[in-house]
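These numbers come from a predicted model, not from an experiment.
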Amino acid sequence: MSIELLLALSLAVPAAGTLLILLLRKSPNAREAASLVTAGALFAIVLRIYGVVSTGERPELVLAEPIRGIPIALEAEPLGVLFALIASFLWIVTTMYSIGYMRGHHEKNQTRFYVFFAFAIASVMGVAFAGNVFTLFVFYEILSLTTFPLVTHAGTDAARRAGRVYLGILFGTSIAFQLLAIVWTYAVAGTLDFQAGGILDGRLAGIAVPVLLGLFVFGIGKAAVMPFHRWLPAAMVAPTPVSALLHAVAVVKAGVFSVLKISVYVFGIDFLAGAGASVWLMWAAAATIILGSLVAFTKDNLKARLAYSTVSQLSYVVLGAMLANSWGVIGSGLHILMHAFGKITLFFCAGAIMVAAHKSEVSQLKGLGRTMPVTFGAFFIGTLSIVGLPPTGGSWSKWFLGVGSLEAGQVGLMAVLMVSSLLSLAYLMEIPLKGFFQKPDEPPHHEGIHEGPKWSLVAIVTTAVACLALFLYPEPFYRLMTMVAGS
């Protein structure tokens, strides 16, 4: 099977999965099996693509050329492969989790949920393997549309309001900033292709460089850089598997992935460093890191606290890209991976607590860890990874971001990373500490409460173990990112 065919199948398989899920809608077991099989097939395809790209090849496939010289094209390169590996593997795990959650929580419209989840993953593959900025923009917008029904899944007034905020901010930033940046790039460079070393060196200079970079960073609203972050906490009205999709598998990762890819392959890190164009955006990201953490402190609702934690953590990736050096790029890419597994673990745990104990507030969790030890133990591991402490994978991305900050001569940003980690430790570690070491305020002491549904528990254990495994075996992903940083 040719690598070009595999690139096409990375889009076609999840798209075909939606039809299979629809055909089997009257049999929940078969429907969910179809979702799992489709997810497994996609992961196998991405693994094959990884095997080719890891040897240095960059296969391409043109799908269409609506405008001469601006094709819709796919290209497998190391950064895209990393993102595709994350999304395809976590689709398997999130589907397992969803089986337990959606049934345990008696959610309506479950077939619609699985259908649009598959559509969203197909969109993510388009983002991951986009061969130029135009293709990236097309699939980025399709992703917004395919996740909208998931955000509004509950059908309540709150869900519809959240959906309006979601689309309003994401489409608003895309049209007002990102589209303008794309047109400007094509006007000065004559191409939108992603190229090693970028396409703007020698074609853009002066104040235009930081302005264009700012249009891209703020135009990619899914990266949730303040002040364009409000869609993310608003979308927490969605079911927990959707929250996991938004925070770990697809949407926000598509945002920060796009920022990093454009920084490396459109601007080029040497050009950015030489022009000093990204310094102001380093501090915009730093402000988001600190402010997101401070707002998380104020939230008693567990999912809202995790949402603002994500706002903060996403800007680690943006910060790494803006450092415009190899260590920053490596740390940025690795943080996409490490945050994905750490944060999805935390959201899985929050959903399990909701299903098993019907509790959603941090203040309600006292003593609950004694009856849900696996869930709260996994939350503890996920917390360590988000904070960046061994023996979890998050320690590697934080390490390289710190090294990148020092190499860029930005000691103040190193201080921001350290302060943010301490803040994350404080507002996240409170949950397992309450669960394991505090007594409930009033009897009964959580009688009848046990761990969440078994399918959900399998997913929770899988991602928690992955957080530990990524500390011991980061090498394949580190190697991919060294290929990106050396572009």
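In this structure, Thr288 has no side chain to side chain donor-acceptor pair (under 3.5 Å) partners at least two apart in sequence or on a different chain.
With hydrogens and angles ignored, the 3.5 Å screen pairs no side-chain donor or acceptor of Ser315 with any backbone N or O of Val318. For the pair Lys253 (side chain) and Ile86 (backbone), a donor-acceptor distance under 3.5 Å is absent. Looking only at distances, a side-chain donor or acceptor of Arg305 sits under 3.5 Å from a matching main-chain atom of Lys299. Between the Asp270 side chain and the Gly197 main chain, no donor and acceptor come within less than 3.5 Å of each other. With Thr392 contributing its side chain and Leu389 its backbone, the two residues share a donor-acceptor pair below 3.5 Å. Not a single donor-acceptor pair under 3.5 Å links the side chain of Glu57 to the backbone N or O of Pro59.
For an aromatic pair to be called close, the ring centres must be under 6.0 Å apart, and Phe471 with Trp396 satisfies this.
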For a quick test of your reading: what N or O donor-acceptor pairs under 3.5 Å do the side chains of residues 403-420 make, sequence neighbours left out?
{"from": "Ser405", "atom 1": "OG", "to": "Leu401", "atom 2": "O", "distance (Å)": "2.9"}
{"from": "Glu407", "atom 1": "OE1", "to": "Trp327", "atom 2": "NE1", "distance (Å)": "3.3"}
{"from": "Ser420", "atom 1": "OG", "to": "Tyr316", "atom 2": "OH", "distance (Å)": "2.6"}

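Between Phe216 and Phe177, the closest side-chain pair of non-hydrogen atoms is not below 4.5 Å. With a 4.5 Å cut-off on side-chain heavy atoms, Leu170 and Leu167 do not count as touching. Taking 4.5 Å as the limit, some side-chain heavy atom of Phe379 sits within range of a side-chain heavy atom of Leu302.
Between Tyr427 and Phe297, the ring planes are perpendicular. Angles over 60° get that label, and only those under 30° would be called parallel. Using the six-membered ring where Trp is involved, Phe218 and Phe228 have ring planes that are perpendicular, over 60° apart on the 30 and 60° scheme. By the 30° and 60° cut-offs, the orientation of the rings of Phe267 relative to Phe271 is parallel.
Partner of Phe117 under the side chain to side chain contact (heavy atoms under 4.5 Å, CB included) criterion, out of Thr18, Thr95, Thr94: Thr94 alone.
Within the cation-pi definition used here (under 6.0 Å to the ring centroid, within 45° of the axis), Lys303 does not qualify as a partner of Phe347.
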